[in-house]
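The block underneath contains the structure these notes are about, expressed in structure tokens.
Here the structure is a predicted model, which is why all the values come from computation and not from measurement. Chain letters run A, B, ... following the sequence lines, proteins first, then strands; residues in each count from 1.
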Amino acid sequence: MAISGLAILLSPEPEQRDSALQALQEHPQLELGPSNGDRISAVLDTPDTHQDRRAFRQLEKLSGVLRVDLVCVYLDEEPTDAPSVPSGADHE
Amino acid sequence: MSDLDRRQFMHSSALLAAAAAIGATPGIDPRTGQGLPVPGLAGKNLAEAAPGISWQKAPCRFCGTGCHIMVGTQGGKVVAVAGDRQAEVNKGLLCVKGYSIGQILYGKDRLTQPLLRKGGKLVPISWKEALDTIASRIQAAPKEFAFYGSGQWTIPEGYSAQKFMKGGLSNNHIEPNARLCMASAVTGFLATYGVDEPAGCYDDLDRADVVIFWGNNMAEMHPVLFSRIIDRRATGAKIRLIDIGTRRTRTTEHCQHFLNFNPHSDLAIANGIAHLLIKNNTYDKIFVEKFLAFRKDGAKPSLFGKATTFEDYKRHVAEYTPEHVEKISGVPAKDIYLLGRLFGDPKLRITSTWCMGMNQHTRGTAINSLVHGVHLLSGHFGKPGDAPTSLTGQPSACGTVREVGTLAHALPGGRIVKKAAHRKHAEKYWNLPAGRVSPKPGYHTVKMWERFCTSKAKGGDINTIWVQVTNPGQSLPNLNKLFLGKKGLSEKFLIVSDVYPTATTKLADLVLPSALWVEKNGVVGNSERRTQQWFRQVKPPGKARDDTWQTIAVAHRLYQRGFAGMKDKDGKFLFEMKDDKGKPVPVWDFGRYYDVNVDQQLFEEYRQFTRLKHKDLAPYTEYVKARGLRWPVVKQANGTWRETRWRFSEFDDPYVKKGSRIQFYHSSSKNDRAQMWIRPYENPPEMPDAKYPLWLCTGRVLEHWHTATMTGRVPALANAMPSTYVELNPVDARRYGISNGDQVRIKSRRGQLDLRAWIQGRGEPPAGSLFVPWFDEKRLINLVTLHLYDPISKQPDYKKCAVSITRLGPGK
Ligand code: SF4
């Protein structure tokens, strides 16, 4: 489970902003919250951090979305043991 | 609580935090003006929205931005993080790395017990055996021992290592990895102001009309700071953003101007701006008359050089016409004219930022002092929004390395071992007999590792290195020479304190498991002189222990064995800690380590040094209350402590003489003036040629922090960016017959590496140059990079060397 609180910055340009808002409202894993000026709060609720990250990236790419900042994240999943990389302290 | 309730609570809490971070009035739809339902949130705070989770502050463990985080713990584990709304730095926001910070504690391969290499294998041993092993190595050859730490050392960690080495062993071979990332910023500030660290702060980003990124990809490397700028623009502020870089990055996408310069030629650009200020008579006459002195190098480049005149300076920059600069840098003359016009306009507020691009440079000190120079000459200095400001990549490169002085030549508080008066102060504060601190600077990083990788018979007079909180087996340049050379030298001994297995532990003889981030108390200092404190919130796993404890425990082993240096002049242990009643506490026994606040006691001792060079810190308890304070922090008549945002400016810096407007009170010309340097462009030591026809630049990516030992254990980040690659331009791809995803070989005079090609990827290097991120332990680009360094800062140049590329075949 991964639940992220997001601060999304929308374009001041009315048409772009409307289309972004519509896309955000239709996003199945996103719930919009209160806003302030061009910024709107939201919660992204996905099964794991991998999907969370992917959804986050998609949001960043939406036309009319200028920037997405992360405010908080609640995680409830097992981390992995290594990056692409180490395999134990003794590599010799 | 059922899983469903828990999820609902977290959901509500996340929405609450997000709404609060944007300062939203709950319930207004920006499009319709209608109310939006926010069930159950009204009036709640984090703790109420997610009961059972306790929240405490801590600064982020990653970059030098220094965001504050609210850390949520439950059942002895970190279960949530939130941007800290009370923090001025980030105002409730975090970037994707801050997002994953909780998970870095819980990789499955955390090191949890000491390991000693026996019969070629690392095998578990007790802490007792580990400490005895280190003590014996040191006792056998105390002058051949070196300590190698980092800008991730907390202030107490770095301070204890510093005292252990310089006060205890009379040995100055202590260095930080920060030598590799910001040493040129230090020497740049010293060369200009006579004292290290930026005069301005992040508030400048909120006030500037023009922000210039000098080889600085802030959008990916300091994302929350970048957000501050982009937010201003989004709310209608007119800000001009200029990227002066050697490759297109995410930062470039937001900039109105991209000045793509040939590697190394930033010196010509800075001189070109100065040329125009003088030619157009738009330089600041008052600055020249009252606040500036002129300087140039003698036969050899040096930190203080020799005095010269404004006339000499004018003659020097006369040759840097925009057309001449275009020839050197490849930047069109019209863009140099643009910079000249902007700097020549006194109505504008201009902030310059930089990080590794200017520092990892064989002329690093020179380009740092030239960028200060254009700000000073144009008078774009000393007002909010008008500042040259360097950024750091690590959370305490400033706090620990630059302020505590964990460098081979330095002492705490901006002091140096060469000066008798400075050593005397250290001996006084450490209660040591006169003469204990050695006047001879130790080896800088490259030299230290060179000596370690050379047999004793051939002059390799460093035989044991203790590495804490860093990964030199991946981050040093020219690894074959500076790290892998240790292989087969049986007399050498490498000790590594870390949290995960790394490229460095591969060659370690002794591995010590360390506590990480909120598993220990800490104090750090970010890029804007802000000192930040936190408390331990969860326990480290297994037998992992604090790095400060490790240092004190080894010191105590030596003390027990009668090693004279571990006693002060009264015969007491160098790190004696006392409880409230003045009774000594045996903190070398880890079971008793948290009986007192060791961090606080070390910090209070260290604080005495900070007042010697106007870098005053407040008492520890002030930092407990605050989200950091920017030094100098000076006590007011009413008993409160006041931080300083703009140094050297009368309106804000309490140390500036009244009526002087600007005063560089540590001026190296001893007349309160900053130094304007004559520093010509010169070709770099290695340039592309027929055999190695391309430039190579290395750097970082958004998802991973430095060598990825922490971010690589976070599934989302590891999946998003699993391995490194080489970015190349389509023109070069065609020339060398390379398609996207192909396996290619990068080769330099020092080594080679096979990688996957990425054409028009995230960044875009211009034709003739390649870019490779260095986070991947399986593919070490530092086998290829150059170990040559700036003659003053001794910082190596990771941003340019000459390489070839060949296609090996299609990608797997
Ligand atoms: S910008 Fe830097 S300090 Fe802030 S959350 Fe990201 S990595 Fe951490």
Side-chain angles (χ1 to χ4, degrees), chain A residues 1-12 14 17-18 20-22 25 31-45 48-54 56-57 66-92, chain B residues 7 10-11 13-15 17-19 21-31 36 38 79-83 92-96 98-99 102-103 106-109 111 115 120-122 227 230-231 234-235 500-502 505-506 511 708 712-716 718-720 722-723 776-778:
Chain A
M1 165 178 94
I3 297 175
S4 306
L6 307 178
I8 302 172
L9 180 64
L10 302 173
S11 165
R17 172 197 167 103
D18 278 1
L21 258 177
Q22 190 168 346
Q25 277 164 342
E31 182 190 334
L32 293 183
S35 63
N36 183 10
D38 293 327
R39 286 207 149 220
I40 185 160
S41 57
V43 176
L44 188 60
D45 191 336
D48 57 42
T49 48
H50 185 51
Q51 293 184 55
D52 182 80
R53 180 84 190 102
R54 197 169 351 157
F56 187 91
R57 286 199 157 193
L66 294 184
R67 192 169 170 87
V68 185
D69 282 300
L70 191 89
V71 176
C72 62
V73 59
Y74 292 87
L75 303 166
D76 210 354
E77 94 184 321
E78 286 294 299
T80 107
D81 54 349
S84 62
V85 203
S87 51
D90 191 359
H91 302 268
E92 284 296 86
Chain B
R7 189 168 198 132
M10 289 179 174
H11 197 99
S13 169
L15 196 52
I22 61 166
T25 316
I28 307 298
D29 182 318
R31 189 171 50 158
L36 277 167
V38 190
V79 294
V81 295
L93 302 180
L94 295 175
C95 79
V96 289
Y99 150 110
Q103 286 178 297
Y106 303 116
K108 282 185 187 146
D109 55 344
L111 294 167
L115 304 166
K121 286 262 166 238
L122 285 172
S227 192
I230 298 304
D231 262 17
T235 50
Y500 288 112
T502 65
T505 60
K506 280 182 188 178
V511 176
R713 262 94 184 166
V714 177
N719 291 335
S723 57
D776 188 343
E777 184 184 309
K778 272 188 184 155

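- There is no contact between A/Ser11 and chain B, counting heavy-atom distances below 4.5 Å.
- When each of A/Pro12, A/Pro14, A/Gly5 is checked for heavy-atom pairs under 4.5 Å with chain B, A/Gly5 comes out on top.
- Residue A/Asp69 touches chain B through both its backbone and its side chain, counting heavy-atom pairs closer than 4.5 Å.
- With rounding to the nearest 0.5 angstrom, the CG atom of B/Leu94 is 11.5 Å from the CG atom of A/Leu6.
- Residue with the most contacts toward chain B among A/Leu9, A/Val43, A/Ile8: A/Val43 (heavy-atom pairs, distance under 4.5 Å).
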Determine, step by step, whether B/Asp231 and A/Arg67 satisfy the salt bridge (Lys or Arg N to Asp or Glu O under 4.0 Å) criterion, reporting the C-alpha distance in whole Å, the side-chain angles of both residues, the deciding distance to 0.1 Å, and the verdict.
-> CA-CA 9 Å; B/Asp231 262 17; A/Arg67 192 169 170 87; 5.8 Å; no
